[in-house]
Protein chains: 2
Amino acid sequence: MELSHLKEIIPNYKNITLKKGEILYHEGDKPEYVYFLESGLVGLFHISENGSETFLRVFSPNNILGHRSFFAEENYHATSMALCPTKIVAISKEQCQNTCSQDPSFLKNITRILAKDLREAELRLAGLQDKTAGQRIAESLVYLKLKYPQKTWTRKEIAEYSCSTYETVTRLMTKAEKEDIIKKIGRDFEILDIQKLLKLK
Amino acid sequence: MELSHLKEIIPNYKNITLKKGEILYHEGDKPEYVYFLESGLVGLFHISENGSETFLRVFSPNNILGHRSFFAEENYHATSMALCPTKIVAISKEQCQNTCSQDPSFLKNITRILAKDLREAELRLAGLQDKTAGQRIAESLVYLKLKYPQKTWTRKEIAEYSCSTYETVTRLMTKAEKEDIIKKIGRDFEILDIQKLLKLK
DNA sequence: CGATAGATTGAGAGTTTTCAACCGATGTGG
DNA sequence: CCACATCGGTTGAAAACTCTCAATCTATCG
């Protein structure tokens with residue numbers, strides 16, 4: 001979705017700069033703004049009572065965030081955290097409201113994003129039923145590394161994205177390296193053969 | 001969402017009658033219509049290669065369905081099946097398009113539905129990480145039976161909704177009955193104590 | 001009343017997680 | 001620029017939770 005013209009059509013907006021690990025909003029907070037990511041990377045996480053974290057979505061430049069809660073008219077159901085130094089533009093709810101009225105394609109774009117994200121979430125849900133931890137981890141490696149290659153993903157982040165544990169991620173990665181499917185580079189890694197990775201048992 | 005006025009604002013529509021178990025659309029099909037449920041109950045299921053099924057969503061009277069794929073401009077990612085005799089109104093994509101343009105609240109309503117469903121899907125995803133099978137089953141019993149009390153849910157349906165197996169559902173229900181938390185009535189059941197059910201270990 | 005779909009129960013198996021100990025990389029301050 | 005502290009990664013062994021498989025039983029319906 002091309003939202004890069006947003007700054008031009010919105011009269012006044014707020015700039016936010018986040019360091020790695022800083023929180024944009026917490027689960028349960030009441031939405032006051034809709035955000036637009038200019039540079040960096042943000043992760044959306046759900047943190048349960050017993051402390052287990054689930055990595056729900058990744059936001060990269062030109063992505064909108066905070067929109068789900070705004071359009072559902074609900075408080076945030078998860079916590080947004082910068083995964084690296086990040087610059088964000090905050091637009092007030094009223095401004096977002098106005099943009100919706102003035103630019104019909106704006107709302108339609110957001111509807112499409114929500115519809116696609118719903119598909120993804122539901123397929124991940126189904127994947128937890130019918131895929132092994134190894135398969136989910138392999139798919140997560142492909143998704144995260146190919147879509148966001150600049151980021152050195154930690155085993156923990158990969159685990160939380162694939163709904164597994166960092167030990168299991170480590171084990172799968174060690175196995176994949178032994179079969180020349182990936183190559184570890186320091187704490188980072190590189191995918192050598194996507195097809196083999198996705199078929200790894 | 002109140003969509004019951006849809007028949008009045010849409011000039012021509014198609015009526016569909018489904019028997020229990022009949023399919024409205026299959027995963028992979030290209031959307032030609034957006035549907036509106038008049039009476040009955042429809043389930044949305046994802047069926048994986050190895051045959052495991054995941055019960056994603058329930059649609060009841062006045063619900064719209066098929067909208068996710070339409071607004072994402074994607075083929076269906078799951079299969080819709082009638083859970084009991086059901087009457088549906090089909091609206092062509094063009095008519096849906098027109099309604100969006102003419103009635104701004106229509107699109108906004110759908111956006112809200114998608115946003116709420118995304119929350120639900122993501123929280124279920126997180127729940128698979130941090131809740132036991134028993135907890136998920138208990139929550140599914142509460143959700144399905146309280147929201148759709150008229151339907152006799154099978155153990156299999158409950159299992160697919162909670163991402164578990166019908167044997168595990170049976171075991172939990174037997175346990176819950178021994179503790180006077182639910183009461184089995186033939187193949188159906190009744191919840192006697194919601195709070196206890198949700199806390200059942 | 002028989003046939004069939006659905007439910008129950010038990011036992012065993014298997015995948016993942018959990019716990020624990022140790023190793024290695026990275027980055028910062030002296 | 002080195003030393004060290006810290007964060008992240010690796011590996012092994014044991015435990016646990018569910019699932020799978022199998023046999024049996026019970027509702028429901030024609």
Side-chain angles (χ1 to χ4, degrees), chain A residues 19-21 48 50-55 81 83-85 127-141 144-145 151-178 182-190 200-201, chain B residues 19-21 48 50-55 81 83-85 127-141 144-145 151-178 182-190 200-201:
Chain A
K19 295 196 194 84
K20 180 174 173 175
S48 77
N50 65 53
S52 94
E53 295 184 21
T54 308
F55 188 172
M81 184 179 70
L83 300 173
C84 60
L128 276 155
Q129 278 274 89
D130 60 50
K131 288 171 188 162
T132 63
Q135 283 177 286
R136 296 195 312 269
I137 291 165
E139 287 175 13
S140 298
L141 290 174
L144 293 172
K145 196 64 201 175
K151 159 98 176 137
T152 299
W153 296 101
T154 64
R155 311 297 187 252
K156 181 166 174 280
E157 285 163 342
I158 297 161
E160 287 168 2
Y161 195 83
S162 56
C163 293
S164 182
T165 60
Y166 62 86
E167 294 97 328
T168 306
V169 171
T170 284
R171 282 185 248 269
L172 183 109
M173 288 179 73
T174 299
K175 193 174 171 189
E177 184 166 51
K178 276 183 190 145
I182 69 168
K183 183 166 164 29
K184 293 183 194 169
I185 303 160
R187 285 176 180 166
D188 202 357
F189 70 99
E190 193 182 289
L200 185 61
K201 298 260 157 35
Chain B
K19 296 196 194 83
K20 180 175 175 174
S48 77
N50 66 51
S52 92
E53 295 184 21
T54 308
F55 188 173
M81 184 177 72
L83 300 174
C84 61
L128 276 155
Q129 278 273 90
D130 60 50
K131 288 171 187 163
T132 63
Q135 283 177 284
R136 296 195 311 270
I137 292 165
E139 287 175 13
S140 299
L141 291 175
L144 293 172
K145 197 64 202 173
K151 158 96 175 137
T152 299
W153 297 100
T154 65
R155 310 297 187 251
K156 181 165 173 283
E157 286 163 342
I158 296 161
E160 287 168 2
Y161 194 83
S162 56
C163 293
S164 182
T165 60
Y166 61 87
E167 294 97 328
T168 305
V169 171
T170 284
R171 282 185 248 269
L172 182 108
M173 287 178 73
T174 299
K175 193 174 173 190
E177 183 165 52
K178 278 184 189 145
I182 68 169
K183 184 169 163 25
K184 292 183 194 168
I185 304 159
R187 285 178 180 164
D188 202 358
F189 70 98
E190 192 182 290
L200 186 60
K201 296 263 158 35

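Scope of the values below: all heavy atoms of this structure, side chains included, with no hydrogens, waters or symmetry mates. Residue numbering restarts at 1 for every chain, and letters A, B, ... go by the order of the sequence lines. Computed from a prediction, not measured in an experiment: that's the story for all the values here.
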Side-chain N or O of [X] versus OP1/OP2 of [N]: is the shortest distance under 4.0 Å?
X: Arg155(B); N: dG6(C); value: no
X: Ser164(A); N: dT17(C); value: yes
X: Thr165(A); N: dT17(C); value: yes

Could you check how far CG of Leu83(B) sits from P of dG6(C), rounded to whole Å? 13 Å
Do [X] and [Y] make a side-chain contact, defined as non-hydrogen atoms from C-beta onward lying under 4.5 Å apart?
X: Leu128(B); Y: Gln129(A); answer: no
X: Thr154(A); Y: Arg187(A); answer: no
X: Leu83(A); Y: Trp153(A); answer: yes
X: Glu157(B); Y: Leu144(B); answer: no

Using a cutoff of under 3.5 Å, can you pull out all pairs of nitrogen or oxygen atoms linking the protein to nucleotides 22-26 of chain C, with atom names and distances?
from, atom 1, to, atom 2, distance (Å)
dG24(C), N2, Arg187(A), NH2, 2.6
dA25(C), N3, Arg187(A), NH2, 3.1

On DNA chain C, does the nearest nucleotide to Gly134(A) precede the nearest nucleotide to Glu167(A) from the 5' side, or the other way round? Give the residue. Gly134(A)
More 5' along DNA chain C: Arg136(A) or Tyr166(A), using each one's nearest nucleotide?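 Its nucleotide being nearer the 5' end, the pick is Arg136(A).
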For chain A and DNA chain D, what are the first and last nucleotides along the strand, 5' to 3', with at least one atom under 4.0 angstrom from a heavy atom of the protein chain? dC7(D) to dA13(D)
Could you tell me whether Lys156(A) and Glu160(A) have a side-chain N and a carboxylate O separated by less than 4.0 Å? yes
Quick check on side-chain contact (heavy atoms from CB on, under 4.5 Å): which of Thr165(B), Thr170(B), Leu172(B) does Arg155(B) satisfy it with? Thr170(B)
From Ser48(B), Ser162(B), Cys163(B), residue fulfilling side-chain contact (heavy atoms from CB on, under 4.5 Å) relative to Thr54(B):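 By the side-chain contact (heavy atoms from CB on, under 4.5 Å) criterion, Thr54(B) pairs with just one of Ser48(B), Ser162(B), Cys163(B): Cys163(B).
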Would you say that more than 12 heavy atoms from the other residues, nucleotides or ligands in this model lie under 6.0 Å from the NZ of Lys184(B), or not?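 Yes - once you tally the heavy atoms of other residues, nucleotides and ligands closer than 6.0 Å, there are more than 12.
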Once you apply a heavy-atom cut-off of 4.0 Å, does Thr154(A) come out as touching a base, just sugar-phosphate, or nothing? sugar-phosphate
